[in-house]
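Written out below as C-alpha cells is the structure these notes cover.
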Amino acid sequence: MEFTASQIASFINGRIIGDEEALITGVSPIENGETGHLSFIAQDRFSHFLDTSRCSVLIVSEKLLVKDTYNPTIIAVKDAYLSFQVLMNLYQEMQGRREGIEDGSSIHPTAMIGDKAYIGAFTYVSEKAKIGEGTQIYPHVYIGKGVKVGKNCKIDSGARIYDYCIIGDNCVIHSNTVVGGDGFGFQPTADGFKKIPQLGNVIIEDDVEIGSNCSIDRATIGSTIIGKGTKIDNLIQIAHNVKIGQNNVIAAQAGIAGSTTIGNWNQIGGQVGIVGHINIGDQVKIQAQSGVNNNVEDKEVLYGSPAISASDFRRNYVHFRNFTEIVSRINNLENNSKDKTNE
C-alpha cells in the first residue's frame with residue numbers, strides 16, 4: 001500500500017513539518033531507514049536520527065523537536081510510540097479477515113459457527129462447540145466438545161482447546177498452546193501415584209492474549225480463570241485452579257502452581273516461579289527469575305529466590321558479592337583479637 005505523509009498525519013492527528021506529499025511504501029526500524037519508508041522516534045536517545053535517517057517520513061514526539069526544518073518529513077505528535085501503534089493496528093485491519101470454512105476441516109453437525117467466521121483446513125470442531133462471529137481459527141486447530149469461543153478471536157495453527165473450556169471475545173491464542181489439558185494431580189499410595197481426575201475447565205475472559213507453547217491446565221473441579229485484558233507471553237505454565245485477575249502481564253517461562261490467586265495489574269517477569277495455594281495482591285512487580293513462596297501484599301516489588309523486597313535484595317547483593325572479602329576481614333579481626341589476648 002502507498003500513503004502520503006498528509007494521509008498518515010490525518011490518521012493520528014499529526015502536524016506535518018516538510019513535504020505533505022512525501023510517499024510512503026513501507027516501514028523500517030529507525031536504525032535501518034530506507035527511502036520511501038516510515039519510522040518513528042519516541043525517545044531522546046534516538047534523536048540523532050532526526051538528521052541522519054534515510055527514511056522519507058518520521059513520526060516524532062513533539063518534545064524531541066528543536067528545529068523548524070529537518071531532512072525527512074516530520075509528523076509531530078504528542079507520543080510517537082502510541083501513534084505508531086495506532087498506525088500498525090489500522091494497517092492490520094486493512095489486510096482484511098478471512099471468512100468461510102476451508103476444505104479438509106471437520107465440523108460436527110451439532111457445532112455452531114458464527115457469521116463471518118473462518119475455519120482453516122484440517123481443523124476439527126467437536127460436538128456442541130460454539131464459535132463466535134468473526135472468529136478466525138487457523139489450520140490444524142482442535143476445538144473440543146462443548147467449547148465456547150467468543151467473537152472476533154484469533155486461534156493460530158496447532159492450538160488445542162479441550163472440552164468445555166470457555167474463551168471470551170477478542171482473544172488471541174498463538175500456535176501450539178494447550179488450553180484445558182489435565183492439571184498435575186496425583187495421590188501418593190503404597191502402589192505409586194494415582195491420577196486424580198481433572199473434571200473442571202478453563203475460563204479465559206475477554207481481550208486476553210496468550211503466546212505460543214503455553215499450557216493452561218483445567219481445574220480439578222471448578223475453573224482455572226484468566227481475567228480480562230491479561231497478556232501472557234510464550235512458554236508459560238499455569239496450573240489447575242489458578243485464578244488470575246485483570247490486566248496482568250506475564251513474561252516468558254514463568255510458572256504458576258496450582259490454586260494460587262493473582263490480583264489485577266501485576267507485572268510478572270520471565271522465569272518467575274510461584275508456588276501453589278498463595279495469594280498475590282494488585283499492582284505487584286515480580287522481577288525475572290524470582291521465586292515466590294509466600295503471600296504478597298498490594299504494590300510490593302519482589303526480587304530473588306525466595307523473593308524478598310527488591311530494594312532489600314539489591315542491598316544484600318552488594319554484600320554477597322563482597323562476601324569472601326568480608327569473611328577474610330572477620331577472620332583477620334578474630335586472629336588479631338586472639339593474638340592480643342595471648343600477649
Side-chain angles (χ1 to χ4, degrees), residues 31 42-48 63-64 81 183-188 193 211 213-217 226-227 230-343:
E31 300 90 343
Q43 296 179 331
D44 185 62
R45 62 195 178 102
F46 295 109
S47 292
H48 61 281
K63 64 183 180 182
L64 302 179
Y81 185 68
F184 194 63
F186 297 90
Q187 176 66 35
F193 289 92
N213 298 296
C214 295
S215 292
I216 303 175
D217 293 344
I226 311 296
T230 287
K231 313 301 181 187
I232 296 173
D233 200 357
N234 306 322
L235 295 164
I236 285 173
Q237 159 68 17
I238 297 172
H240 55 188
N241 292 95
V242 167
K243 291 179 172 53
I244 297 176
Q246 298 184 3
N247 298 306
N248 293 279
V249 288
I250 306 176
Q253 299 181 10
I256 304 169
S259 298
T260 280
T261 298
I262 295 174
N264 306 314
W265 291 101
N266 296 296
Q267 299 176 35
I268 299 175
Q271 296 185 336
V272 164
I274 301 175
V275 302
H277 299 272
I278 64 172
N279 295 314
I280 293 175
D282 299 335
Q283 299 181 53
V284 172
K285 296 180 180 179
I286 306 174
Q287 306 206 24
Q289 295 190 329
S290 295
V292 182
N293 58 9
N294 286 299
N295 293 335
V296 180
E297 300 296 327
D298 294 351
K299 299 184 179 181
E300 287 200 42
V301 180
L302 302 181
Y303 198 11
S305 185
I308 59 175
S309 164
S311 57
D312 287 346
F313 180 90
R314 292 189 183 97
R315 281 194 295 267
N316 293 340
Y317 188 70
V318 171
H319 298 307
F320 175 74
R321 288 196 307 173
N322 299 315
F323 193 65
T324 300
E325 180 186 347
I326 291 169
V327 170
S328 177
R329 288 166 59 190
I330 290 171
N331 287 337
N332 287 336
L333 287 170
E334 287 180 343
N335 289 334
N336 289 337
S337 177
K338 288 176 183 179
D339 291 342
K340 288 181 180 180
T341 302
N342 292 331
E343 286 179 354

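Numbers here are sequence positions counted from 1. Just so it is clear, the structure is predicted and the values come from calculations on it, not from any experiment.
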Practice problem: Carefully, step by step, assess E31 and F46 under the rule side chain to side chain contact (heavy atoms under 4.5 Å, CB included). | Solution: CA-CA 9 Å; E31 300 90 343; F46 295 109; 3.7 Å; yes
Quiz item: Is I274 close to V242 at the side-chain level, that is, under 4.5 Å between some pair of heavy atoms?
Solution: no
Quiz item: Considering only heavy atoms from C-beta outward, does the side chain of D282 approach that of W265 to under 4.5 Å?
Solution: no
Quiz item: Can you tell me if N295 uses its side chain to pair, donor with acceptor, with the backbone of N279 under 3.5 Å?
Solution: yes
Practice problem: Look only at the side chain of S309 and the backbone of E300, and say whether a donor-acceptor pair between them is shorter than 3.5 Å. | Solution: no
Quiz item: Could you give the distance from OG1 (T261) to NE2 (H277), rounded to the nearest 0.5 Å?
Solution: 10.0 Å
Quiz item: Is a donor on one side and an acceptor on the other found under 3.5 Å between the side chain of S259 and the backbone of G276?
Solution: no
Quiz item: Roughly how far apart are I232 CD1 and Q237 CD, rounded to 0.5 Å?
Solution: 11.0 Å
Self-check item: Residues N213 and N234: side-chain donor-acceptor under 3.5 angstrom
Solution: no
Quiz item: Just wondering, do I262 and I244 contact through their side chains at under 4.5 Å, heavy atoms?
Solution: yes
Quiz item: At their closest point, which heavy atom of G269 faces which heavy atom of A251, and how far apart are they?
Solution: C-CB, 3.7 Å
Exercise. Could you walk me through whether V301 and K285 pass the side chain to side chain contact (heavy atoms under 4.5 Å, CB included) test, one step at a time?
Key: CA-CA 5 Å; V301 180; K285 296 180 180 179; 4.2 Å; yes
Quiz item: Once you round to the nearest 0.5 Å, how far does CD1 of I236 lie from CD of Q271?
Solution: 11.0 Å
Exercise. Could you walk me through whether D233 and Q253 pass the side chain to side chain donor-acceptor pair (under 3.5 Å) test, one step at a time?
Key: CA-CA 8 Å; D233 200 357; Q253 299 181 10; over 6 Å; no
Quiz item: Short question: side chain of T260, backbone of V275 - any donor-acceptor pair under 3.5 Å?
Solution: yes
Self-check item: Close side-chain approach of V292 and I268, heavy atoms under 4.5 Å
Solution: no
Quiz item: Under 3.5 Å, side chain of N247 to main-chain N/O of T230, donor-acceptor pair present?
Solution: no
Self-check item: F184 atom CZ: more than 12 heavy-atom contacts under 6.0 Å
Solution: no
Quiz item: Which pair of non-hydrogen atoms, one from L302 and one from A307, has the smallest distance, and what is that distance?
Solution: CB-CB, 3.9 Å
Quiz item: When you measure from the side chain of N264 to the backbone N and O of Q246, does any donor-acceptor pair fall under 3.5 Å?
Solution: yes
Self-check item: Distance (rounded to the nearest 0.5 Å) between N331 CG and I326 CD1
Solution: 12.0 Å
Quiz item: How far apart are the closest heavy atoms of Q287 and A310, and which atoms are they?
Solution: NE2-CB, 3.8 Å
Practice problem: For the pair N316 and I308, evaluate side chain to side chain contact (heavy atoms under 4.5 Å, CB included) and give the outcome as yes or no after the intermediate values. | Solution: CA-CA 10 Å; N316 293 340; I308 59 175; 3.8 Å; yes
Exercise. Under the side chain to side chain contact (heavy atoms under 4.5 Å, CB included) rule, what do I280 and I286 come out as? Steps first, then yes or no, please.
Key: CA-CA 10 Å; I280 293 175; I286 306 174; 4.2 Å; yes
Quiz prompt | CD on Q43 to NZ on K63, rounded to 0.5 Å | solution = 8.5 Å
Quiz item: Got I256 and I250 here, is their nearest side-chain heavy-atom distance under 4.5 Å?
Solution: yes
Quiz item: Where do A239 and G258 come nearest, in terms of heavy atoms and distance?
Solution: CB-N, 3.4 Å
Quiz item: Does F186 have its ring centroid less than 6.0 Å away from the ring centroid of F193?
Solution: no
Quiz item: Do D44 and L64 come close enough that some side-chain heavy atom pair is under 4.5 Å?
Solution: yes
Quiz prompt | Any donor-acceptor N/O pair, S290 side chain to G304 backbone, under 3.5 Å | solution = yes
